[in-house]
Novice: 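The structure that follows is given in the form of structure tokens.
As the structure lists them, so they are numbered: ligands from 1, and atoms in each ligand from 1.
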Amino acid sequence: MAQDRERIVVLDFGGQYNQLIARRVREAGVFSELLSHKSGIDKIKGDALSGIIMTGGPDSVYAPDAKTCLDEVFSLGVPILGVCYGMQYMVKVFGGGVRAADVKEYGRTAIRFAKHPLFAGIDGNIVWMNHNDAVTALPQGFVSIAQTEHCPVAAFADDARRLYGIQFHAEVAHTPQGELIFRNFLQNICGCRCTYSTAGMADALIKSVRSQVGDGRVLGALSGGVDSSVASVLVHQAIGDRLTCIFVDHGLLRLNEAEEVMAFYRDTLKLNIIAVDARARFLAKLAGVTEPEQKRKIIGAEFIRVFEEEARKLGGADYLLQGTIYPDVIESGTGAADTIKSHHNVGGLPKDIGFKGLLEPLRMLFKDEVRALGEHLGIPHKLVWRQPFPGPGLAIRVIGDITEEKLDILRKSDFILRDEVAKAGLENDIWQYFTVFTGLRSVGVMGDQRTYDYAIGVRAVTSTDAMTVEWAELPYPVLRRISERIIGEVPHVNRVVYDITSKPPGTIEWE
Ligand code: XMP
């Protein structure tokens with residue numbers, strides 16, 4: 001996969017922005033892989049290696065269990081750039097000094113850059129800092145190439161050994177021109193040509209699908225979401241109708257969604273797709289269930305059962321297609337995070353029903369790359385930029401037990417919200433927007449009559465990755481129309497509330 005055999009390894013020391021570093025490198029045009037700090041040398045070397053970036057992390061380099069990497073990493077002969085912890089770790093390994101800083105720096109910080117190829121073209125003087133420790137003595141051969149008021153070594157260089165470090169986080173958007181520092185490292189120091197792009201990747205991915213599958217058959221679950229759609233279109237372009245897709249309608253989809261998705265996949269994308277109407281069995285399994293995690297588990301398990309039955313009916317297949325993307329791979333690799341919600345998606349599909357293997361053509365791609373690839377493959381912009389929709393669907397937007405009546409109210413209100421957001425031209429500004437059936441009933445008055453009806457919650461958030469979100473500042477006139485239309489057009493709703501909770505402390509979905 002390393003195009004033109006240029007590849008950067010981002011060694012993960014546990015910092016929260018590490019995926020961002022890997023993304024910045026790819027955006028600058030070099031394939032990158034995020035690997036554990038404990039990785040072996042062969043894994044790091046891979047099929048090509050142009051340079052290494054050591055990430056930030058929560059440890060102090062002198063803590064007894066501080067994260068380390070193999071010493072051989074420093075003898076691979078490629079340039080190394082350390083970021084924050086990565087920088088301090090390099091200083092320690094080469095015999096310099098690191099200790100708790102007298103003044104800890106957090107947030108936007110003024111900096112002075114020396115003239116150095118790492119900082120070529122940078123004309124600003126602001127970076128984003130977030131550190132408790134600081135470099136107090138540089139190893140022999142290292143020189144300071146940036147300073148802040150409280151940090152005399154905000155960056156260092158050892159040009160002879162091609163070792164570099166930055167104390168600040170160039171990967172976050174708060175460091176203006178931070179992406180230029182990565183580009184400089186890649187071009188000026190690692191000597192990369194920076195030709196990696198998603199467009200160039202399509203052909204390579206199609207070839208690799210063909211060589212993995214041979215003349216076998218592939219079965220895939222299509223959810224209507226971006227990842228499974230792009231994966232299916234890619235594999236379809238590789239092996240044509242030897243790919244069969246299964247679309248399970250679990251009865252928890254939005255208004256008209258099943259019909260629209262099916263028509264689109266069949267008529268526009270020309271996929272070989274089978275729809276399974278499993279609405280009744282899902283709703284029967286969910287009857288009376290109120291606990292969010294239990295809902296998720298029931299849906300996940302039932303999904304597998306339906307999929308297995310359909311796969312058997314089709315006489316099985318050689319490969320199971322999954323829309324796994326790189327953040328799924330990275331996140332399941334560390335396993336350190338707390339389970340807030342057990343997300344159910346195709347990742348939980350059965351692996352033991354006679355498949356020779358899994359086909360995961362997107363497993364090395366970030367979401368923005370999947371979208372770019374999707375557009376390159378000719379998938380309409382509208383689908384590629386669809387707002388995310390959770391696997392368990394409306395089940396986690398009906399608080400309490402699920403009934404047809406509640407789902408009907410939810411679908412109608414959600415349709416109105418989407419319609420108004422589209423009319424206001426805000427679709428591309430909002431990460432996700434949907435309504436919630438709160439289960440709350442309250443007193444109102446309509447046409448001189450007392451009502452005692454349901455309250456609908458409206459949720460709209462902005463985000464770049466769903467990890468953190470802000471509630472969206474929808475214009476008041478839009479909110480007003482949404483509220484008037486929902487109450488006027490959806491029976492049994494007499495109140496609309498707007499959710500003004502960010503994440504954290506909230507989550508996007510209510511359950
Ligand atoms: P939360 O609610 O955890 O959601 O802030 C983060 C993102 O994940 C989606 N989501 C899910 N997706 N299965 C999915 O496939 C799930 O069980 C699930 N729960 C939440 C949510 O819509 C948001 O985009």
Novice: Is it true that Arg26 and Ser32 share a donor-acceptor pair across their side chains at a distance under 3.5 Å?
Specialist: yes
Novice: Taking side-chain contact (heavy atoms from CB on, under 4.5 Å) as the test, write out the residues that go with Lys104, two or more places apart.
Specialist: Ala100, Tyr106, Asn132
Novice: Can an N or O of Ala466 be found at a distance shorter than 3.5 Å from an N or O of ligand 1?
Specialist: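 For ligand 1, there is no N or O atom that lies under 3.5 Å from one belonging to Ala466.
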Novice: Please identify which atoms of ligand 1 are closer than 4.0 Å to at least one heavy atom of Lys503.
Specialist: 1 (P), 3 (O), 5 (O), 6 (C)
Novice: Between Trp431 and ligand 1, does any nitrogen or oxygen pair lie at a separation below 3.5 Å?
Specialist: no
Novice: May I ask you to list the atoms of ligand 1 that are less than 4.0 angstrom from any heavy atom of Pro392?
Specialist: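 Contacts of ligand 1 toward Pro392, numbered from 1: 13 (N), 16 (C), 17 (O).
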Novice: Considering only heavy atoms of Gly391, which atoms of ligand 1 have at least one such atom less than 4.0 Å away?
Specialist: 12 (N), 13 (N), 14 (C), 15 (O)
Novice: Is the shortest heavy-atom distance from the side chain of Ile44 to the side chain of Leu11 under 4.5 Å?
Specialist: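 Side chain of Ile44 against side chain of Leu11, heavy atoms only: contact under 4.5 Å found.
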Novice: When you check the side-chain N and O atoms of Glu369 and Thr198, is any donor under 3.5 Å from an acceptor?
Specialist: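 No.
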Novice: I'd like to check Arg279 versus His250 (side-chain heavy atoms, cut-off strictly below 4.5 Å). Are they in contact?
Specialist: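 Counting from C-beta outward, Arg279 and His250 never come under 4.5 Å.
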Novice: Will you find, in the side chains of Glu427 and Trp385, an N or O donor that is under 3.5 Å from an N or O acceptor?
Specialist: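 Side chains of Glu427 and Trp385: no pair found under 3.5 Å.
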Novice: Considering both backbone and side-chain atoms of Glu511, is one of its nitrogen or oxygen atoms within less than 3.5 Å of a nitrogen or oxygen in ligand 1?
Specialist: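 For ligand 1, there is no N or O atom that lies under 3.5 Å from one belonging to Glu511.
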Novice: Relative to the heavy atoms of Pro388, which atoms of ligand 1 are at a distance of less than 4.0 Å?
Specialist: 24 (O)
Novice: Can you confirm, on distance only, whether ligand 1 has an N/O atom lying under 3.5 Å from any N/O atom belonging to Arg397?
Specialist: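 Arg397 vs ligand 1: no N/O contact under 3.5 Å.
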Novice: Using a strict cut-off of 4.0 Å, indicate which atoms of ligand 1 neighbour a heavy atom of Thr507.
Specialist: 1 (P), 2 (O), 5 (O)
Novice: Which residues pass the side-chain contact (heavy atoms from CB on, under 4.5 Å) test with Leu314, sequence neighbours left out?
Specialist: Leu219, Thr244, Ile246, Ile274
